[in-house]
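Both counts, for ligands and for their atoms, begin at 1 and track the order of listing.
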Amino acid sequence: MVSVKHTFSYDPFEMEKAVEAHFELLRLDELLRPDMKVTVKPNLLLKRRPEEGTTTHPALVTAIIRRLQKAGVTDITIADSPGGLYTVSQLTGIYRASGMEQAAKETGAKLNLDTNSHETPSRNGVTSPSFPIITPIIEADLVISVCKLKSHCMAGLSGGVKNLFGCIPGLTKPDYHWRYPKEEDFCSMLIDLCETVRPAITFCDAVISMEGDGPSAGQLRQTNMTLCSTSPYELDLALCKVIGREEDDILTIRCAKERGICEKTFDELKLVGDDLFCYADFKRPRTMSMDFLSKVPRFLRPLARPIVDTFLTTRPHIDLKKCVGCGKCAESCPAHTIRVEKGKARIIRSECIRCYCCHEMCPVRAIEVKQNPLLRL
Ligand code: SF4
Ligand code: SF4
């Protein structure tokens, strides 16, 4: 079941009303006990201000914390492992820029500054046997994931399932791209991770979303909703409909269905609350190879993949005029194929696995997703 609430702004009063409605529609109080340790996990990808639309808005996080406090919960921590280094100074800067520092100040919730992680066996793992998971997630009695609706250059959708990638510490994340360079394997790993973390509740900030080349370099779009579910898979099914994608186009959803974890199709999904706003023209990322392959019958995909990779795929391209030589792209590149020389970054293309971590992490949006000229014909 997914609850939908029309939410037209980040006004604190409107946000509190929306969160209250989700709690009532899904009877979320039944999941809570006052003595619980609760971790609220927003999407804090990189150091951006709330109005840049890359991170979960602090108004939603604040409203959720206040509602938990109303239910008697006192031990609440805000935690995420953004991209880049997982250090106290990095976290402090991101908490400040994203408005989480203010959210914690206003509510009395804690901000996680523990940068340890624990190797945790994967629950029902198919692709990854274990994961290093950040301490506040492991130690929580209950995890509330608060994702942001964004398109995603690699996974297609940044929603409930993808948000949990931030439970893996800092620069360990690019390792997973290196280990699972194929989109299918990477998305199967994300399902293993989702099963391991098992957030009890997933909220989605879809008031202002990101379309195009998300999750950090797309365009903002007013989509006027907050959504909530106890199933991150069902939430993502609803988000698929919102952004006008076929559910089988999004590999995490397809994988969850194949494993029998997500039993529903969108038509079988129970929506409660307001009507779902759908945006059939929601811009897709320019990374189209996944879409081509999804149209090819499964048994032909191994044959089709080299053709798609060579002629129909997209690649990261550095705009040297915009590049400020900060090195964030090189730091997050799992293939170690970016060099920063004389203040400018350069990609050695032959070694690129097209994970788009560099595109995601560039603070000045200097890395574009460039289509093969054939795609523009
Ligand atoms: S491309 Fe972006 S992330 Fe890489 S060095 Fe240049 S400014 Fe930094
Ligand atoms: S250059 Fe960018 S897209 Fe290519 S492997 Fe490195 S991070 Fe991934």
Side-chain angles (χ1 to χ4, degrees), residues 44-49 52 54-55 81-87 89-90 93-94 97 150-156 158 162 165-166 168-187 189-190 210 212-218 251 284-293 305-306 308-310 312-372 375:
L44 301 181
L45 181 62
L46 73 171
K47 195 173 173 181
R48 292 258 169 96
R49 288 169 285 116
E52 294 183 84
T54 305
T55 49
S81 162
L85 293 171
Y86 188 49
T87 60
S89 68
Q90 192 78 359
I94 291 177
K150 297 183 285 182
S151 53
H152 194 283
C153 279
M154 196 212 185
S158 180
K162 182 68 182 62
F165 198 39
I168 293 181
L171 293 177
T172 315
K173 283 193 280 293
D175 277 354
Y176 280 83
H177 285 281
W178 182 246
R179 274 190 234 173
Y180 307 112
K182 288 187 189 164
E183 286 119 358
E184 287 93 338
D185 295 338
F186 187 81
C187 290
M189 176 279 294
L190 288 177
M210 185 180 280
D213 291 337
S216 64
L251 292 182
R284 298 174 182 205
R286 276 173 285 183
T287 44
M288 298 287 287
S289 58
M290 183 170 17
D291 292 324
F292 281 108
L293 274 183
R305 182 176 284 281
V308 169
D309 283 355
T310 308
L312 300 174
T313 204
T314 51
R315 295 182 191 283
H317 171 84
I318 296 175
D319 181 339
L320 294 178
K321 282 194 204 120
K322 288 188 191 163
C323 174
V324 295
C326 68
K328 294 270 180 214
C329 53
E331 180 186 271
S332 62
C333 174
H336 305 291
T337 191
I338 304 180
R339 309 273 178 273
V340 182
E341 289 158 358
K342 296 184 185 157
K344 299 288 172 189
R346 186 171 61 88
I347 297 173
I348 301 163
R349 291 197 189 288
S350 56
E351 291 163 31
C352 172
I353 58 169
R354 296 192 305 280
C355 63
Y356 299 101
C357 291
C358 52
H359 170 263
E360 216 171 295
M361 294 311 299
C362 179
V364 296
R365 300 179 176 91
I367 302 186
E368 296 165 4
V369 176
K370 264 226 154 123
Q371 289 177 328
N372 184 299
L375 282 172

Student: I'd like to check which ligand 2 atoms, numbered from 1 as shown, lie under 4.0 Å from a non-hydrogen atom of Thr337.
Tutor: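 Reading through ligand 2 atom by atom, the close ones are 1 (S), 6 (Fe).
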Student: If you take all heavy atoms of Gly84 and Glu331, which pair is closest and at what distance?
Tutor: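 Closest approach of Gly84 to Glu331, heavy atoms only: CA-OE2, 3.5 Å.
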Student: Could you give me a count of protein N/O/S atoms that are under 2.8 Å from atom 4 (Fe) of ligand 1?
Tutor: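 For atom 4 (Fe) of ligand 1, the figure is 1.
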Student: Write down the atom of Lys344, the atom of Leu320, and the distance for their closest heavy-atom approach.
Tutor: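 Smallest heavy-atom distance, with atoms named: NZ-O, 2.8 Å.
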Student: Please examine the side chains of Val369 and Pro285, heavy atoms only from C-beta on, and report whether any two atoms are closer than 4.5 Å.
Tutor: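 No, every pair of side-chain atoms sits at 4.5 Å or beyond.
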Student: How far apart are the closest heavy atoms of Leu45 and Ser216, and which atoms are they?
Tutor: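 Shortest heavy-atom separation between Leu45 and Ser216 comes out as CD2-CB, 3.8 Å.
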Student: Tell me which protein heavy atom sits closest to atom 5 (S) of ligand 2, plus the residue, atom name and distance to 0.1 Å.
Tutor: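 Its nearest protein heavy-atom neighbour is Ile353 N, 3.4 Å.
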Student: Can you name the atoms of ligand 1, numbered from 1 with element, that are less than 4.0 Å from a heavy atom of Pro363?
Tutor: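 With Pro363 as reference, the close atoms of ligand 1 come out as 3 (S).
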Student: So does Lys173 have more than 12 non-hydrogen atoms from other groups sitting under 6.0 Å from NZ?
Tutor: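 Result for NZ/Lys173: enclosed.
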Student: For Tyr356, take its heavy atoms, then give the atoms of ligand 2 lying under 4.0 Å from any of them.
Tutor: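 Under 4.0 Å from Tyr356, ligand 2 has these atoms: 3 (S), 8 (Fe).
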Student: Assess the side chains of Tyr356 and Thr314: does a donor N or O sit below 3.5 Å from an acceptor N or O?
Tutor: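 Result is yes, a qualifying pair exists.
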Student: Where's the contact between Arg354 and ligand 2, heavy-atom distance under 4.0 Å: side chain, backbone, both or neither?
Tutor: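 The answer is the backbone.
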Student: Just checking: Cys352, one of its N/O/S atoms, less than 2.8 Å away from atom 8 (Fe) of ligand 2, yes or no?
Tutor: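 Short answer: no, not a single N, O or S atom is under the cut-off.
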Student: For Pro316, which part has a heavy atom under 4.0 Å from ligand 2: side chain, backbone, both, or neither?
Tutor: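 The answer is the side chain of Pro316.
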Student: Can you tell me the protein heavy atom closest to atom 8 (Fe) of ligand 2 and the distance?
Tutor: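 Nearest neighbour among protein heavy atoms for atom 8 (Fe) of ligand 2, to 0.1 Å: Cys355 SG, 2.4 Å.
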Student: Grab the two heavy atoms, one from Cys355 and one from His177, that are nearest each other, plus how far apart they are.
Tutor: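 Answer, listing the atom of Cys355 first, then His177: CB-ND1, 3.5 Å.
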Student: List the residues meeting salt bridge (Lys or Arg N to Asp or Glu O under 4.0 Å) with Arg49, not counting sequence neighbours, and say none if there are none.
Tutor: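 Per chain and number, Arg49 pairs via salt bridge (Lys or Arg N to Asp or Glu O under 4.0 Å) with Glu51, Glu52.
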Student: Assess whether atom NZ of Lys162 is packed by more than 12 heavy atoms of other residues, nucleotides or ligands within 6.0 Å.
Tutor: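 Count over threshold, so yes.
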Student: Determine the minimum heavy-atom distance between Ser151 and Gly212, stating which atoms define it.
Tutor: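 Closest approach of Ser151 to Gly212: OG-O, 2.5 Å.
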Student: For atom 6 (Fe) of ligand 2, find the nearest protein heavy atom and state the residue, atom name and distance (0.1 Å precision).
Tutor: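 Result for atom 6 (Fe) of ligand 2: Cys333 SG, 2.3 Å.
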Student: Sub-3.5 Å donor-acceptor pair from the side chain of Asp213 to the main-chain atoms of Cys153, do we have one?
Tutor: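 No: the side chain of Asp213 does not pair with the backbone of Cys153.
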Student: Which of the atoms of ligand 1 are close to Val364, meaning less than 4.0 Å from one of its heavy atoms?
Tutor: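 Matching atoms, with element in brackets: 7 (S).
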